[in-house]
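Written out below as structure tokens is the structure these notes cover.
Note: hydrogens, waters and symmetry copies are ignored here, and every other heavy atom, side chains too, is used. Note that the structure is predicted; figures quoted are calculated from it, not measured.
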Amino acid sequence: MKTTGFNYRHLYFFWVVAKEGGVTRAAERLGLAVQTISTQLALLEKELGRSLLQPQGRRLVPTEAGRLALGYADQIFLLGEQMQDALADADAEKMRLTVGISDSLPKLMAYRMLDATRSLDQPIKLVCLEDEFESLLADLALHKLDLVLTDRAVPAGASLRVSSHLWGESAMKLFGIPALAEQYRGNFPHSLHGAPFLLPARNNALRGRIDEWMVQQGVRPDVVGEFEDNAMLNAFGRKGLGLFFASASLAADIEEQFGAVLVGDASSLREQFYVISNERKIMHPALDVILAAIQGTTKINKETS
């Protein structure tokens with residue numbers, strides 16, 4: 001069989017140039033002469049029989065073939081970086097698990113979702129990164145992450161090769177500092193008309209359900225704050241700026257950590273929690289444990305409904 005003699009060193013130079021947007025900047029980053037970089041690019045394009053970069057103003061941008069090559073290069077070199085990290089952790093006898101956590105997911109719930117990893121024989125080194133849902137999915141598809149924890153499933157029809165696993169769901173409760181709770185607890189939920197509320201931003205999966213619940217109850221609250229980040233929302237709630245919803249399964253933690261008390265139950269309002277994994281041939285051992293533990297989370301529905 002005839003081989004192409006493909007040289008990954010040439011691909012690396014292309015990858016850096018594409019990331020930096022030009023040969024000069026790539027040469028500065030790598031500490032090499034511009035001519036050296038240009039020669040390596042020319043050799044790669046000759047090997048592939050394709051033009052990979054084209055000028056756009058003062059920058060070099062990938063051609064259509066270049067974008068395809070860049071996608072593979074991203075996976076190759078990012079996986080190489082992960083391999084180095086994994087080997088370093090292996091020297092310390094730890095298994096590295098890189099987790100993306102949606103900024104809308106309650107952080108206490110993220111801890112519970114990862115708790116099953118403590119049952120592994122090999123110690124885990126957790127690397128937790130927080131970002132918006134769409135950005136995390138992109139990083140998962142590029143193998144930058146081992147899994148994503150979030151409050152929504154991957155949209156139907158998405159082209160990314162990832163899978164959604166429902167970890168559990170919980171009814172919601174309304175909380176507030178004692179002074180607010182005392183003021184609005186009576187005649188709940190009708191007492192909430194005009195009450196100050198801290199709500200998730202409108203791009204949050206839970207927000208639409210909250211708005212629908214409000215309509216069903218016939219109340220129009222005074223929305224004093226909207227937040228993309230759940231931790232920020234809880235922090236403002238802790239300072240008494242408004243009432244806020246939280247998972248019933250976290251009620252004890254909310255009361256202890258945020259000094260908030262129960263205003264009322266919203267059992268028909270439910271929040272869901274998902275584990276999203278990449279469709280790769282070799283699965284991370286920790287992911288197997290987390291997915292296996294999903295069967296046990298059905299108790300959340302029974303205890304908090």
Residue pair [X] / [Y]: nearest heavy atoms and the distance that separates them:
| X | Y | value |
| --- | --- | --- |
| S102 | K107 | O-NZ, 4.0 Å |
| A18 | P62 | CB-CG, 4.4 Å |
| S267 | A171 | O-CB, 3.8 Å |
| A65 | S51 | CB-O, 4.1 Å |
| L140 | V162 | CD2-CG1, 3.6 Å |
| E228 | A201 | CG-CB, 3.7 Å |

Flag yes if [X] and [Y] sit in one hydrophobic cluster, no otherwise; membership is Ile, Leu, Val, Met, Phe, Trp, Tyr, and two members link when side-chain heavy atoms are under 4.5 Å apart.
| X | Y | answer |
| --- | --- | --- |
| L41 | L68 | no |
| L129 | I276 | yes |
| V289 | Y111 | no |
| M232 | I101 | yes |
| Y12 | L43 | no |

Worksheet item: Side chains of N230 and S104: donor-acceptor distance under 3.5 Å anywhere?
Response: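 Checked: N230/S104 side chains show no N/O donor-acceptor pair below 3.5 Å.
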
Worksheet item: Do you see a donor-acceptor pair shorter than 3.5 Å between the side chains of H190 and Q217?
Response: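 Note: H190 and Q217 side chains miss the donor-acceptor criterion.
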
Would you give the length of the straight line joining atom [atom1] of [X] to atom [atom2] of [Y], rounded to the nearest 0.5 angstrom?
| X | Y | atom1 | atom2 | value |
| --- | --- | --- | --- | --- |
| F133 | N203 | CZ | CG | 11.0 Å |
| D151 | N204 | CG | CG | 5.0 Å |
| L145 | S135 | CG | OG | 10.5 Å |
| I37 | T39 | CD1 | OG1 | 9.0 Å |
| L52 | L60 | CG | CG | 11.5 Å |
| N278 | D139 | CG | CG | 11.0 Å |

Can you find a heavy atom in the side chain of [X] that is under 4.5 Å from one in the side chain of [Y]?
| X | Y | answer |
| --- | --- | --- |
| S277 | H165 | yes |
| T98 | K144 | no |
| V127 | R96 | yes |
| L243 | L198 | no |
| V99 | L114 | yes |
| S247 | M109 | yes |
| T117 | I290 | yes |
| E226 | V223 | yes |

Fill in: side-chain contact (heavy atoms from CB on, under 4.5 Å) assessment of D103 paired with E132
CA-CA 6 Å; D103 52 15; E132 297 179 353; 3.6 Å; yes

What I want to find out is whether [X] reaches [Y] closely enough, with some N-O distance under 4.0 Å, to be called a salt bridge.
| X | Y | answer |
| --- | --- | --- |
| D253 | R112 | yes |
| D211 | R202 | yes |
| E271 | R209 | no |

Item to complete: Would you mind listing every side chain to side chain donor-acceptor pair (under 3.5 Å) that reaches into residues 55-73, with sequence neighbours excluded?
Response: none

I'd like a table of donor-acceptor pairs (distance under 3.5 Å, sequence neighbours excluded) in which one partner is a side-chain atom from residues 172-189, with atom names and distances.
residue	atom	partner	partner atom	Å
K173	NZ	D265	OD1	2.3
R185	NE	L262	O	3.1
R185	NH2	L262	O	2.9

Practice prompt. Please assess V17 against R25 for the test side-chain contact (heavy atoms from CB on, under 4.5 Å), listing each intermediate value before the final yes or no.
Written response: CA-CA 8 Å; V17 171; R25 293 182 62 180; over 6 Å; no

Item to complete: Could you walk me through whether L149 and L136 pass the side-chain contact (heavy atoms from CB on, under 4.5 Å) test, one step at a time?
Response: CA-CA 9 Å; L149 307 182; L136 293 176; over 6 Å; no

Worksheet item: Got a sec, which pairs hit ring-ring contact (aromatic ring centres under 6.0 Å, His included) with one end in residues 226-260, sequence neighbours left out?
Response: F197-F245, W213-F245, F227-F236

Discussion item. Given 3.5 Å as the limit, does a donor-acceptor pair link the side chain of H193 with the main chain of V219, or not?
Written reply: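 Answer holds: no.
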
Practice prompt. Please step through side-chain contact (heavy atoms from CB on, under 4.5 Å) for the pair H10 and E47, ending with a clear verdict.
Written response: CA-CA 10 Å; H10 300 162; E47 290 171 356; 2.9 Å; yes

Worksheet item: Does Y274 have R152 sitting over its ring (NZ/CZ under 6.0 Å from centre, angle to axis within 45°)?
Response: no

